[in-house]
Protein chains: 2
Amino acid sequence: MPNDDGDAAERAVEDGSVTRSLQPMARRQTKPAIIDAALGLFEERGFEATTMRAIAERAGVSVGNAYYYFASKDELIQGFYDRAMEEHAAASAERLAGLTDLTERIVAHADSWFAALGRYHQFATQFFRVASDPSSPLSPFSSRSAPAREAAIAGWRDVVEGARTGDGSPAVADRLRSELPELLWLYHLGLILFWVHDGSADQAASRLVLAGTAPVIVRAIGLADVPELAATIDDLARLVATIRPMLAT
Amino acid sequence: MPNDDGDAAERAVEDGSVTRSLQPMARRQTKPAIIDAALGLFEERGFEATTMRAIAERAGVSVGNAYYYFASKDELIQGFYDRAMEEHAAASAERLAGLTDLTERIVAHADSWFAALGRYHQFATQFFRVASDPSSPLSPFSSRSAPAREAAIAGWRDVVEGARTGDGSPAVADRLRSELPELLWLYHLGLILFWVHDGSADQAASRLVLAGTAPVIVRAIGLADVPELAATIDDLARLVATIRPMLAT
DNA sequence: ACCAACATTTGAACGTGTTCAACTATTGCT
DNA sequence: AGCAATAGTTGAACACGTTCAAATGTTGGT
């Protein structure tokens with residue numbers, strides 16, 4: 001098994017030029033080379049049309065070597081996902097900069113996700129097919145994707161924390177502020193599910209769903225303070241609390 | 001390509017005993033034989049562990065012949081799904097017989113689904129992995145599964161139509177009665193999505209989610225008449241109307 | 001300098017889903 | 001009865017993801 005995060009290869013580079021010049025057989029950065037080859041081919045041909053043999057050939061390694069670094073073809077997808085999420089985080093931060101309205105911030109964050117992944121829609125479809133397999137390590141609920149999940153929730157936390165009312169006070173009541181990011185993340189998963197199945201041109205339908213549902217979500221957040229609904233909300237909170245420990249993935 | 005629904009084989013049988021006795025090479029019912037073999041093996045070993053060669057061998061045909069009737073291994077799943085849905089319809093009808101309360105009827109219908117598919121949970125997981133692929137004909141939104149989808153929605157229509165209030169009048173206002181079955185079907189899809197990912201013993205968590213959310217759904221239905229929410233509900237209805245024609249699957 | 005442990009790399013081989021040209025059986029028509 | 005067209009059937013062959021024993025490179029200790 002390789003070092004878990006390509007540390008070995010990176011360390012070798014950090015050893016500096018002396019080490020490198022003393023070793024004629026320059027240490028290739030095999031793992032990133034494989035990722036680059038895979039992503040390039042995925043974009044060119046799609047996921048299923050890309051063979052492990054083609055990836056290995058473009059990366060200049062043997063097939064077996066690719067499997068030394070990635071347990072399966074599916075795992076190579078993680079590289080695509082990580083890269084896309086970086087793009088999304090950057091694009092979202094830029095669009096959120098001037099916005100204070102919660103609804104607008106939600107729309108901006110989710111819409112920049114659509115923008116970031118739009119060009120990969122067809123390929124992303126195959127990605128989420130794999131990810132929607134509960135037994136896959138790429139499932140959003142798996143322990144292996146916990147870092148990605150937490151990063152995504154943190155993104156939604158930024159959306160919530162940055163929201164202000166007219167007088168500059170936080171737009172979301174304290175009681176909800178801690179739970180809301182995760183709920184919005186679930187809402188986003190739902191949007192993604194729709195987006196994946198969205199056959200409309202440029203996924204326009206998904207953007208409409210976003211624009212149409214975000215205000216409803218925000219209105220529902222406001223409703224959480226209505227006393228008549230408090231009992232129901234408490235029921236749901238208790239339900240979540242009961243169920244969460246039952247789910248060991 | 002075979003006749004679309006095994007008509008050829010069925011017609012041959014309907015030709016009667018004369019035809020059969022005059023044809024020493026008795027016409028095998030190849031298609032059902034393949035389905036039976038496949039379902040048996042799926043139950044015994046799971047979906048992925050079952051090979052097309054094993055299916056063909058048990059059915060007494062060649063591999064190529066299986067592909068004459070089923071375009072892919074995935075398509076064999078439809079047989080499992082159809083059979084399971086028959087079981088569900090029967091079990092649900094039985095449990096709904098004495099119930100008039102809408103919440104109880106919703107729970108009974110969905111819970112009998114859990115009961116019907118519980119023993120197949122692991123295998124069903126692989127089934128829904130395939131079904132959640134938007135490009136798969138098994139996707140619940142695909143045109144190929146339209147009959148199954150409509151049958152499922154019809155099941156939810158029974159749930160709604162049979163619900164009575166204390167005085168024996170329909171429990172659901174006219175305005176909602178036509179749309180509600182499809183919404184409940186979507187709710188059920190959500191439950192199934194959770195169930196598929198549900199790693200708790202005997203999928204107990206899924207049943208709790210059902211028991212906990214069904215009353216909320218029913219309460220929300222009642223809220224549809226509150227004037228303050230009418231505008232929002234109209235917005236959502238308009239959104240659905242706008243989007244539906246955009247989705248050509 | 002040497003060796004033992006470890007990390008990396010190789011490519012042939014395996015089992016899989018799927019395809020296809022060839023073959024056989026059946027039907028419809030005269 | 002005979003013939004052309006169609007339906008059904010076969011199994012070898014293909015391309016793929018994956019595995020594995022073996023070969024090679026690298027490191028750290030003496």
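Below, chains carry the letters A, B, ... as their sequence lines are ordered, and counting in each starts from 1.
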Q: Before accepting this row, confirm whether a basic side-chain N of the pair B/D36/B/R83 lies closer than 4.0 Å to the acidic partner's carboxylate O.
A: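 Salt bridge flag = yes for B/R83 with B/D36.
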Q: For B/Y69 and C/dT18, give me the distance from atom OH to atom P, rounded to whole Å.
A: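 Distance, rounded to whole Å: 18 Å.
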Q: Can a cation-pi geometry be assigned to A/K73 and A/Y67, taking NZ or CZ under 6.0 Å from the six-membered ring centre and within 45° of the ring axis?
A: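 No cation-pi geometry.
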Q: Nearest whole angstrom, please: distance from the P of C/dT9 to the CD of A/Q29.
A: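 Spelled out: CD on A/Q29 to P on C/dT9 is 11 Å.
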Q: Hey, are the side chains of A/D111 and A/R95 touching, using non-hydrogen atoms and a 4.5 Å cut-off?
A: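 Yes, close enough: below the 4.5 Å cut-off.
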Q: Taking DNA chain D as the partner, which of residues 36-44 of chain A come within under 4.0 angstrom of it by heavy atom?
A: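 Correct list: empty, so none.
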Q: Using a 4.0 Å heavy-atom cut-off, write out nucleotides 13-24 of chain D from 5' to 3' as B (base contacted by protein), S (sugar-phosphate only) or - (no contact).
A: B--BBBBB----
Q: Can B/R58 and B/E44 be counted as an ion pair, charged N to O under 4.0 angstrom?
A: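 Answer for the salt bridge query: yes.
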Q: Measure from CD on A/E57 to P on C/dT9 and round the result to the nearest Å.
A: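 For the pair A/E57 CD and C/dT9 P, the rounded distance is 17 Å.
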Q: Once you round it to whole Å, what is the distance between C1' of D/dG8 and OH of B/Y68?
A: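 Result: 5 Å.
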Q: Going by salt bridge (charged side-chain N to carboxylate O under 4.0 Å, His left out), name the residues that satisfy it together with A/D202, two or more places apart in sequence or in a different chain.
A: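 A/D202 satisfies salt bridge (charged side-chain N to carboxylate O under 4.0 Å, His left out) with no other residue.
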Q: Exactly one of A/Y81, A/F42, A/F128 should register a ring pair (Phe, Tyr, Trp, His ring centres under 6.0 Å) with A/F123. Which one does?
A: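 Checked A/Y81, A/F42, A/F128 against A/F123; only one passes ring pair (Phe, Tyr, Trp, His ring centres under 6.0 Å): A/F42.
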Q: A/F127 and A/Y120: aromatic ring centres closer than 6.0 Å?
A: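 Distance test on ring centres: not under 6.0 Å, no.
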